[in-house]
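Here's the structure, in structure tokens; my notes come after.
Heavy atoms only: backbone and side chains are in, while hydrogens, waters and symmetry mates are out. Keep in mind it's a predicted model, so treat the numbers as computed, not measured. This chain uses plain numbering: 1 for the first residue, then up along the sequence.
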Amino acid sequence: HEAQRWTIEAPPAAVIGRPGDTGIASLARVGERFVLGAGEGRLESWLGGRRTAARNLGDRVVKRVALSPDARTVYVSIIGPAILTFDAATLEPGPEIPGHGVRRLEALASGDVLVCAFAEACRRIVKGELRPIEGAFIGADTDVDARGERAVILEDGGTRIGLLGSTLTTITRPADARAVAIEDAVAVLTSAEVIVLAADGAELARFTSERGADIELTSALVVVGTLDNVTRVYDRAGRLLAELGGHGERVAQVLVGADAIWSASWDGSARRYALSTLATPGDVLARDLESAWGIDLQRLLTTRTITSR
């Protein structure tokens, strides 16, 4: 039969936040602790699928959130002259760190925080103070690996990508790059494709993926959040494995954990999709679907067109 493309949607129990809220959603995760920044100044903290705290920041618009590696401190960039900090479990406020127009935050295993602003070269927060990074440029996107040891920065304008160590080292100069991700390699998202690079800039893979907005990389998967409100999941060779739906606006951020993919959207919510679904053989998924819906899937596929939502 002609191949069918199915869109998998997260069940209601796996939705964090309130879809339909204004503002871009941003999600940070360490272990079972999740923090969602969404709407006009709204923070939510979740642990093991249960919300433990919520806080309204009034007219302070949240741009990005990050969690310290020990999952104790939340860093929040806002439209304003400061980076806010909170206790991750209670969202009680901590000290504010000076920093204007910050759009990207990444917490590192060293305890430092990588900070990239709209009009200044990327810097580090070290013991509560912003410090310069040698060789840094203005960053449009950032990512850290799962251990928090290596970071990658995409230059504003999408023309240069650097790896962060004690200094920032340029590894490639792509055209039209929109987002970056790092794990054992570096993934670059452009307006029309994904490029996977080694640490020295050598190309490992390249494949088409249109209208992407954010990207995440693991040892086996490339995950792309799109302007079309879905998240696309590929293997490292570029074979499309699934499309994850359910959002009402573009997907602004994607994360991959040990057992799930998370997406955060302009609709103000984050959604969780179990990775076990991707590992389940198609015939098993079909039998589960037939049992749940009480249908003969083979007969339906041969007699009519099914449009999934």
In one Ile/Leu/Val/Met/Phe/Trp/Tyr side-chain cluster, 4.5 Å: L67, L91: yes
Under 3.5 Å donor-acceptor, T85 side chain and P95 backbone: yes
Test item: L36 and L43 side chains (from C-beta on) under 4.5 Å apart, heavy atoms: no
Check: L163 and V186 side chains under 4.5 Å, non-hydrogen atoms: yes
Atom CD of E134 with >12 non-hydrogen neighbours under 6.0 angstrom: no
Euclidean distance, R211 CZ relative to N229 CG, rounded to 0.5 Å: 9.0 Å
Flag side-chain contact, heavy atom, 4.5 Å: I133 against T167: no
Main-chain N/O of R51 paired to E44 side chain as donor or acceptor, under 3.5 Å: no
Transitive ILVMFWY side-chain link I161 to L204, under 4.5 Å: no
Heavy-atom donor-acceptor pair, R232 side chain to G225 backbone, under 3.5 Å: no
D59 atom CG, over 12 foreign heavy atoms within 6.0 Å: no
Derivation of the side chain to side chain contact (heavy atoms under 4.5 Å, CB included) call for N56 and R42: CA-CA 5 Å; N56 192 322; R42 179 169 58 85; 5.7 Å; no
Side chain to side chain contact (heavy atoms under 4.5 Å, CB included) evaluation trace for L275 with L221: CA-CA 11 Å; L275 280 171; L221 300 175; 3.8 Å; yes
Closest non-hydrogen atom pair between L154 and F137, with its separation: C-CE1, 4.0 Å
Polar side chain donor-acceptor pair, S45 to R33, under 3.5 angstrom: yes
Ignoring hydrogens and angles, write down the donor-acceptor pairs under 3.5 Å from the side chains of residues 71-83, residues two or more places apart or on other chains.
| unit_1 | atom_1 | unit_2 | atom_2 | d |
| --- | --- | --- | --- | --- |
| S77 | OG | R64 | N | 3.1 |
| S77 | OG | R64 | O | 3.4 |
| S77 | OG | V102 | O | 3.3 |

Main-chain N/O of I182 paired with D143 side-chain donor or acceptor, under 3.5 Å: yes
ILVMFWY cluster, L241 and V256 together (side-chain gap under 4.5 Å): yes
Within-4.5 Å side-chain heavy-atom neighbours: V194 and V188: no
Residues clustering with V126 (ILVMFWY side chains joined when closer than 4.5 Å, directly or via others): none
Nearest-0.5 Å distance, CG of residue D228 to CD of residue E243: 8.5 Å
Note, R55 side chain near F86 side chain (heavy atom, < 4.5 Å): yes
Hydrophobic cluster identity match, V30 and L47, side-chain contacts under 4.5 Å: no
Close side-chain approach of V196 and R206, heavy atoms under 4.5 Å: no
Side-chain (R60) to main-chain (V62) donor-acceptor, under 3.5 angstrom: no
Any residue meeting salt bridge (charged side-chain N to carboxylate O under 4.0 Å, His left out) with E210, in chain and number order, not counting sequence neighbours: none
V222 and V233, any side-chain heavy atoms less than 4.5 Å apart: no
Separation between CD1 of I195 and CD of E203, rounded to the nearest 0.5 Å: 6.0 Å
Please output the side-chain donor-acceptor pairs of residues 103-123 that fall under 3.5 Å, not counting sequence neighbours, one pair per line with the distance.
| unit_1 | atom_1 | unit_2 | atom_2 | d |
| --- | --- | --- | --- | --- |
| R103 | NE | G139 | O | 3.1 |
| R103 | NH2 | G139 | O | 3.3 |
| R103 | NH2 | D156 | OD1 | 3.0 |
| R104 | NE | D141 | OD1 | 2.9 |
| E106 | OE2 | T142 | OG1 | 3.2 |
| S110 | OG | D112 | N | 3.3 |
| E120 | OE1 | R123 | NH2 | 3.0 |

D87 side-chain N/O to A89 backbone N/O, donor-acceptor pair under 3.5 Å: yes
W262 and F34 aromatic centres sub-6.0 Å: yes
Expected output: side-chain S265 to main-chain S269 donor-acceptor under 3.5 Å: no
Member of L217, L189, V152 meeting the side chain to side chain contact (heavy atoms under 4.5 Å, CB included) criterion with V180: V152
Set of salt bridge (charged side-chain N to carboxylate O under 4.0 Å, His left out) partners for R239, sequence neighbours left out: D235
Partner of S263 by side-chain hydrogen bond (donor to acceptor under 3.5 Å, both in side chains), out of R272, H247, Q253: H247
Value rounded to 0.5 Å, distance of CD1 in I215 from OG1 in T190: 9.0 Å
Main-chain N/O of G162 paired to T170 side chain as donor or acceptor, under 3.5 Å: no
Considering all heavy atoms, the nearest V251-A213 contact: O-CB, 3.4 Å
Residues R236 and D184 bridged, charged N to O under 4.0 Å: yes
salt_bridge(E149, R147) N-O dist < 4.0 Å: yes
Separation between CG of L27 and CH2 of W46, rounded to the nearest 0.5 Å: 11.5 Å
Any donor-acceptor N/O pair, Y273 side chain to G245 backbone, under 3.5 Å: yes
Check against side chain to side chain contact (heavy atoms under 4.5 Å, CB included), L244 and I261: CA-CA 9 Å; L244 312 178; I261 293 170; 4.0 Å; yes
Fellow cluster residues of L227, listed by chain then number, with links counted only when side-chain atoms sit under 4.5 Å apart: none
Non-hydrogen side-chain atoms of L197 and T172 separated by less than 4.5 Å: yes
Heavy-atom pair with the smallest gap, counting every atom of I97 and G128: CG2-O, 3.7 Å
